[in-house]
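Working notes, beginning with the structure itself.
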Amino acid sequence: MNKYLYTLLFIPMALFAQGQSEMKGKEVNYSRNVNVFLGTSGDRGQLSPAASYPFSMMSIGPQTYPKLHAGYEYKAKIFEGFTHNRIEGVGCQGSGGNILIKPFLGEKPMQSQLIKTAETASPGNYKVSFTNQIKADLIVHENEGLETYIFPEGKKGFYIDLSHTLANQFQNEEHEINGQEISGYIQARTTCNVGSYKIYYTLKINTPVKWTTLADHKLQAELLPDAKEATIRIAFSSVDVSHARTNLSTMNAEAMLQSTISRWNDVLGSIDVKGDQDRTNLFYSLYYRGLQSPYLITEKDGSYRNTKGEIKQHSSQLYNGWAIWDNYRTQLPLLSITLPEIYQGITNSIENLYRNGKQDYATQTEPTNTVRTEHAMVVLLDAFRKGYGVDFASIRDSLIKDADKLDYSHPDKTLESSYDCWALAQILDILKEKTLSNVYLKKAEKYKEYWKKDFADISKKDVDRVSARGLYQGTILQYRWFAPFDLKGLINLMGGEQAYIQQLDDFFGKDQYNHANEPDIQVPLMYNATGQPWKSQVLIRKLGMDTVVQYYFNDNSRGIDPFIDRIYQNKPEAYIRTMDDDAGAMSSWYVLAACGISPACVGMPVYYLNVPFFEQVTFNWPGGKSLRIKVKDYADNKPYIQAVHLNGKKLNRLWITQDEIMQGGELEIISSAEVPGNRDFIPWISSAFTK
């Protein structure tokens, strides 16, 4: 980004946030560090600068021409209007993009052009000006939006397309006009057109309008000729129109934005980092992306719709809008540490998927847009072992049914299905069903037979070809490492520790690792299962902070021209080209690495340690409890761990448990520029089938 554009877009945002911080007194304004334009240009994240609220199903953002998967392209100047929901960073051309509102001038609203001249944005707020002198200011608070439009002289109003979606996924809508208010529902297909969701809404304009139907599902709300400003309040509910109407408030823009900023500061402030300011800005810009979904669906009176479309009551907050296959190894473990109250609700919600008849992707009666739910039972096992409440007995039969239909048709599917069988075996053991547990444990152990058949021989010509043998967005070389529940067994399959290390060395030495997608994102951590954990430490530092070489891309190709750059950068063209953030999956990888911890195996409450990217990282929880991670004599050229102390006691290991994290206190990491001479650290290594 050139210096002029940076000044135009981000300095006003920072000054505005600073002013808000001063108004709040002692509250630290973490949101001022967030650049919402990160990853919004090209196929470099598929993100948007939409105004949003933590875990809200509503996000109001610009719809540009041309668009990306989240509806926006940073370099685009032509705007088609503003839409009110999206799942960010996902494939299949995105989804959501419902209720397009376009402010217009002139006699032909559908042809009226909006050409961008300037825009600014921050968490919860988006502003833009156009060449025709129309200005828009969008704020989201909970499941409500407040949109303020400034108009010049002339005929004006709003063009509203109730059939608009990001990827031609509209199904149905019904609406009713009552004075200045319109309400109803939108029904559209979920991500990748698999299932269907329905959102109820109420939209109210603050000034008299004349309604005209222009075409099917397309309306015009004409303002009075002398109107210079108009505001639209819109609220969502997954339950019904009545609840959407209840979600409309009377807060003015200043109060609404202040409340939104305060909430963003609450959740962003669950992690406090101290170190380089540019890196701090990158950190919070990425953490912000991990706090968008899943979406809160419980209303204030406890009502919600389940995935069967039934209205139910629940005493806790429930969520929907899943991308579990993508983010179960990064974003969900991150939330399990930083936001435990929210994570209990997420756990309850995933449990409910099984109670209501879980699908791998989506049902035809989803309460919000969603993506996919594979490995949900692994997440539930993980949550239980981390101390979260899970009622396994009530969903036992559904878990078994889910496991019994697992797919073994392709090499990657056999490994992933074995992971789920292993998780079910652990769950059945928790339920004291030892005999049945052993049945699924033996089924999981069969991964070894599949591995020997498809992954042992890496001399075949197709092992380096993306999607060979029906693999999903990966190669044989990348998927062959996927046995996180039994690294001891995998090491033996590879010929023992030294052979395993040599194959890891070859894998990274030949740039076969692919950080543009999730299939092998655990592999940089896998030296931790050996006597050479420092190789993982330097890899994590390199992937998070340094220039890398990447040959593989998310368009199912192995590129002729490699990507040579830093992966995580605080600019619109962030990430590797074709790399999606996948609902916070890849941004959360960075956040965990920057904090110095990464999940060893989801389903086991254990995290590998690396030197954090900051001098100090603090996890803050309600009630004043915290864990402070300090790096002694921090320097960017010191990637190796020399020693670790937990609450003053020296550890002889390079891993830490969830319980040790949540107990709080202080974790001190002594870093070094040299490979440690002390090789006495005891490795943590998963072993599913031997004791």
Side-chain angles (χ1 to χ4, degrees), residues 327-338 343 375 377-388 415-416 418-420 422-423 425-426 444 447 481-492 494 497 500-501 504 513 518-541 543-544 585 588-612 617 619 627 629 641 644 646 651-663 667 669 681-691:
N327 59 28
Y328 77 107
R329 288 178 285 173
T330 52
Q331 188 235 16
L332 292 178
L334 176 63
L335 297 180
S336 80
I337 294 171
T338 61
Y343 199 70
H375 303 308
M377 69 176 69
V378 177
V379 174
L380 289 180
L381 172 65
D382 188 68
F384 179 84
R385 286 178 164 169
K386 290 176 176 176
Y388 290 95
L415 298 184
E416 294 200 41
S418 296
Y419 195 2
D420 281 0
W422 168 81
Q426 308 303 303
Y447 87 89
W481 304 98
F482 194 84
F485 55 94
D486 188 33
L487 284 188
K488 186 173 182 179
L490 183 63
I491 290 171
N492 289 335
M494 290 186 172
E497 182 174 317
Y500 168 86
I501 291 172
L504 277 174
Y513 172 68
E518 289 85 10
D520 59 348
I521 58 170
Q522 83 287 355
V523 186
L525 301 168
M526 292 178 67
Y527 286 105
N528 280 297
T530 75
Q532 298 183 14
W534 57 83
K535 291 184 177 179
S536 280
Q537 294 160 24
V538 77
L539 269 173
I540 296 299
R541 176 65 63 98
L543 290 166
S588 295
W589 184 97
Y590 177 92
V591 172
L592 286 162
C595 291
I597 59 172
S598 297
C601 170
V602 178
M604 301 279 200
V606 176
Y607 300 83
Y608 293 131
L609 298 176
N610 62 272
V611 178
V617 176
F619 294 123
L627 173 71
I629 304 173
I641 296 178
V644 181
L646 178 60
L651 297 184
N652 64 347
R653 50 185 164 90
L654 295 173
W655 48 273
I656 190 171
T657 67
Q658 179 91 6
D659 185 60
E660 288 171 328
I661 292 172
M662 305 306 288
Q663 287 294 322
L667 179 70
I669 293 176
F681 290 116
I682 299 173
W684 184 88
I685 177 169
S686 58
S687 179
F689 312 110
T690 58
K691 301 298 182 183

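Given the structure is predicted, the values throughout are model-derived calculations rather than measurements.
- Using a distance-only test at 3.5 Å, with no hydrogens or angles considered, no donor-acceptor pair links the side chain of Gln522 to the main chain of Pro484.
- Here the side chains of Arg541 and Val611 are in contact, with some heavy-atom distance below 4.5 Å.
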**Request:** Show your reasoning for whether side chain to side chain contact (heavy atoms under 4.5 Å, CB included) applies to Tyr527 and Leu539.
**Result:** CA-CA 10 Å; Tyr527 286 105; Leu539 269 173; 3.7 Å; yes

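- The backbone N or O of Ala600 sits nowhere less than 3.5 Å from a side-chain atom of Arg329 that would complete a donor-acceptor pair.
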**Prompt:** What's the verdict on side chain to side chain contact (heavy atoms under 4.5 Å, CB included) for Ile501 and Lys535, showing C-alpha distance, side-chain angles and the deciding distance?
**Reply:** CA-CA 10 Å; Ile501 291 172; Lys535 291 184 177 179; 3.8 Å; yes

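- Of the possible polar contacts, one joining the Arg385 side chain to the Gly603 backbone as a donor-acceptor pair under 3.5 Å is found.
- In this structure, CD1 on Ile682 lies 8.0 Å from CH2 on Trp655, to the nearest 0.5 angstrom.
- Taking the side-chain contact (heavy atoms from CB on, under 4.5 Å) definition, one finds that Asn492 meets it with Lys488, sequence neighbours left out.
- Between the side chain of Tyr388 and the backbone N or O of Ser336, at least one donor-acceptor pair lies under 3.5 Å.
- In this structure, the side chains of Ile337 and Tyr343 stay at 4.5 Å or more apart for every pair of heavy atoms.
- Taking a 6.0 Å sphere around CZ of Phe384, one finds it holds 12 or fewer heavy atoms contributed by other residues, nucleotides or ligands.
- Interatomic distance, Gln426 CD to Leu381 CG, rounded to the nearest 0.5 Å: 6.0 Å.
- Considering every non-hydrogen atom in both Ser418 and Tyr447, the closest pair reads OG-CB, 3.4 Å.
- Close placement of the Phe482 and Tyr419 rings is indicated, their centers lying within 6.0 Å of each other.
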Donor-acceptor contacts under 3.5 Å from residues 588-599 side chains, at least two apart:
from: Ser588; atom 1: OG; to: Gly584; atom 2: O; distance (Å): 2.7

**Message:** Using the rule given for side chain to side chain contact (heavy atoms under 4.5 Å, CB included), can you reason through Ile656 versus Leu651, listing the C-alpha separation, both sets of side-chain angles and the distance that settles it, and then say yes or no?
**Reply:** CA-CA 9 Å; Ile656 190 171; Leu651 297 184; 5.6 Å; no

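- Formation of a donor-acceptor pair under 3.5 Å by the Asp486 side chain with backbone atoms of Ala483 is not found in this model.
- Remark: side-chain polar atoms of Thr657 are not paired, donor with acceptor, to backbone N or O of Pro605 under 3.5 angstrom.
- You'll find the side chain of Leu490 reaches within 4.5 Å of the side chain of Met526, heavy atoms only.
- Atom CE of Met604 and atom CG of Asp382 lie 10.0 Å apart (nearest 0.5 Å).
- Nearest heavy atoms, Ile641 versus Gln537: N-OE1, 2.8 Å.
- Residues Leu543 and Tyr513 meet the side-chain proximity criterion, which asks for heavy atoms closer than 4.5 Å.
- Not a single donor-acceptor pair under 3.5 Å links the side chain of Glu660 to the backbone N or O of Leu646.
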